[in-house]
Amino acid sequence: MNIIEQMLSKYEIESEDALINALKEVYQEIALLGLYRGGFFEKAAFYGGTALRIIHGLDRFSEDLDFTLLQKNTSFDIEAYFPYVIDEFEALGIKMSLHKKAKSKDSDIESAFLKNNTSIHTLNIEINDLTNILDGVHSGKKLKIKFEVDTNPPLKFETTAHTLLLPTTFNIITMTLPNLYAGKLHAVLFRNWKTRVKGRDWYDFEWYVKRGVQINLNHLKERMVESGDFKLEAALTPQILKELMKNKIETLDINKAKHDVQVFVKDKSRLDPWSKDYFKLLTDRITF
């Protein structure tokens, strides 16, 4: 059993979608190893939904790798770390390419796309040891993973080190759970998706509440001030946050939220309780 097989063995692969989600996550962890090799985590921390899944066991898949610099540096260049990531994939016999996304002049996000040059079916041919897993998948789909770095991040957050055991043992730096929670509530309240509803944010919110994670209110306020959604001189109290959440819930399209997240969740019945009243109940149970 090679490393990729070993990493895939923890998943229940019952369909093509399940295979693609599992492979994406395995590739995410390989990419993290490459970033570690390049010293990336001396300057940045892992956060977002994928961090919650890989580090804390969130029971939904996540598409992107999100990072924040530990200190503001708008001249940071993600491209310097590409060779380390590519080397890790090539060492496993996987041909990948990394492309830096053109940065708009108003954006503080450094973005890159990691693409598999071959389809799932071709991957089956190139890596013979995966034949038993990939057999019968002829979709021609290609894997794509986006990772982004906030080069001008809101600060006042804490980090911690976590050890991953595969593809080999290595350490990464992540935001602590109270700060990950703050970032998630900022997304819930102010992420601008126009007519689209990102149900994944609401799924993660439910996860935090059920586990009694305490939110870092100072970091949430820092994010809100920097995004122009809150005044620096104003106090962000637990009561004000709950009022903001309940106002947001009043405008939430529950059906669109379910539709967005269901492809990432194995047990769709987990979404059955979702309603405006249910999310208001969760809001009342936010801990500080």
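Computed from heavy atoms alone, side chains included, the values below leave out hydrogens, waters and symmetry copies. Here, residue 1 is the first one in the sequence, and each next residue gets the next number.
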Taking it one step at a time, do M245 and F205 satisfy side-chain contact (heavy atoms from CB on, under 4.5 Å)?
CA-CA 11 Å; M245 286 292 296; F205 166 56; 3.8 Å; yes
Answer yes or no: is there a donor N or O on one side and an acceptor on the other, between the side chain of D260 and the main chain of G199, under 3.5 Å?
yes
Check whether NZ of the Lys or CZ of the Arg R37 lies under 6.0 Å from the centre of the six-membered ring of F170 and within 45 degrees of that ring's axis.
no
Start with the C-alpha gap between D150 and I109, add the side-chain angles, then the distance that decides, and say whether side-chain contact (heavy atoms from CB on, under 4.5 Å) holds.
CA-CA 5 Å; D150 190 343; I109 301 295; 4.0 Å; yes
Keeping the roles fixed (side chain from R60, backbone from V265), state whether a donor-acceptor pair exists under 3.5 Å.
no
Short N-O contact, K246 and D284, less than 4.0 angstrom:
yes
Cluster check L165, Y11: I/L/V/M/F/W/Y, side chain < 4.5 angstrom
no
dist M7:CE -> E29:CD (nearest 0.5 Å) comes out at 4.0 Å
Let me confirm one number: the CG-CG distance from L19 to L8, rounded to the nearest 0.5 Å.
7.0 Å
Correct closest heavy-atom pair for A182 and L220 would be O-CD1, 3.4 Å
Check E250 with K248, please: is the shortest side-chain N to carboxylate O separation under 4.0 Å?
no
Does N179 reach the main-chain N or O of T159 with its side chain, forming a donor-acceptor pair under 3.5 Å?
no
Are side-chain N/O atoms of Y278 and E206 paired as donor and acceptor at under 3.5 Å?
yes
Under 6.0 Å between ring centres: does that hold for Y27 and F89?
yes
Report yes or no: do T163 and N171 form a side-chain donor-acceptor pair below 3.5 Å?
yes
Could you check whether any side-chain N or O of K184 sits under 3.5 Å from a backbone N or O of D204, counting only pairs where one atom can act as donor and the other as acceptor?
no
Is a donor on one side and an acceptor on the other found under 3.5 Å between the side chain of Q28 and the backbone of E63?
yes
Side-chain (K258) to main-chain (K268) donor-acceptor, under 3.5 angstrom:
no
Please indicate whether K198 has more than 12 foreign heavy atoms, meaning atoms of other residues, nucleotides or ligands, lying under 6.0 Å from its NZ.
yes
A side-chain contact here means heavy atoms from C-beta on lying under 4.5 Å apart; do Y208 and I215 qualify?
no
Can any side-chain N or O of K100 pair as donor or acceptor with the backbone N or O of S111 at less than 3.5 Å?
no
Is the F40-Y84 ring centre distance short of 6.0 angstrom?
no
With salt bridge (charged side-chain N to carboxylate O under 4.0 Å, His left out) as the test, would you mind laying out the steps for E12 and K266 before giving the verdict?
CA-CA 10 Å; E12 294 181 12; K266 182 178 179 181; 2.3 Å; yes
Between the side chains of D59 and R270, is the shortest nitrogen-to-carboxylate-oxygen separation below 4.0 Å, so that they form an ion pair?
yes
Do side-chain atoms of N216 reach the backbone of N218 as a donor and acceptor pair under 3.5 angstrom?
yes
Nearest-0.5 Å distance that lies between atom OG1 in T168 and atom CD1 in I3:
7.5 Å
Check whether the side chains of S269 and D272 place a donor and an acceptor atom closer than 3.5 Å, and report yes or no.
no
Within 6.0 Å of NZ in K231, more than 12 heavy atoms from elsewhere
no
Side chains of H99 and S97, donor plus acceptor under 3.5 Å
yes
Within the 4.5 Å heavy-atom criterion, are Y203 and L58 side-chain neighbours or not?
yes
Hey, does the side chain of D77 reach the backbone of A80 with a donor-acceptor pair shorter than 3.5 angstrom?
no
Under a 3.5 Å distance rule, please check whether K156 uses its side chain to pair with a backbone N or O of E222 as donor and acceptor.
no
Using every non-hydrogen atom in the two residues, find where S227 and H186 come nearest and quote the distance to one decimal.
OG-NE2, 2.9 Å
Is it the case that atom CD in E243 sees more than 12 heavy atoms from other parts of the structure closer than 6.0 Å?
yes
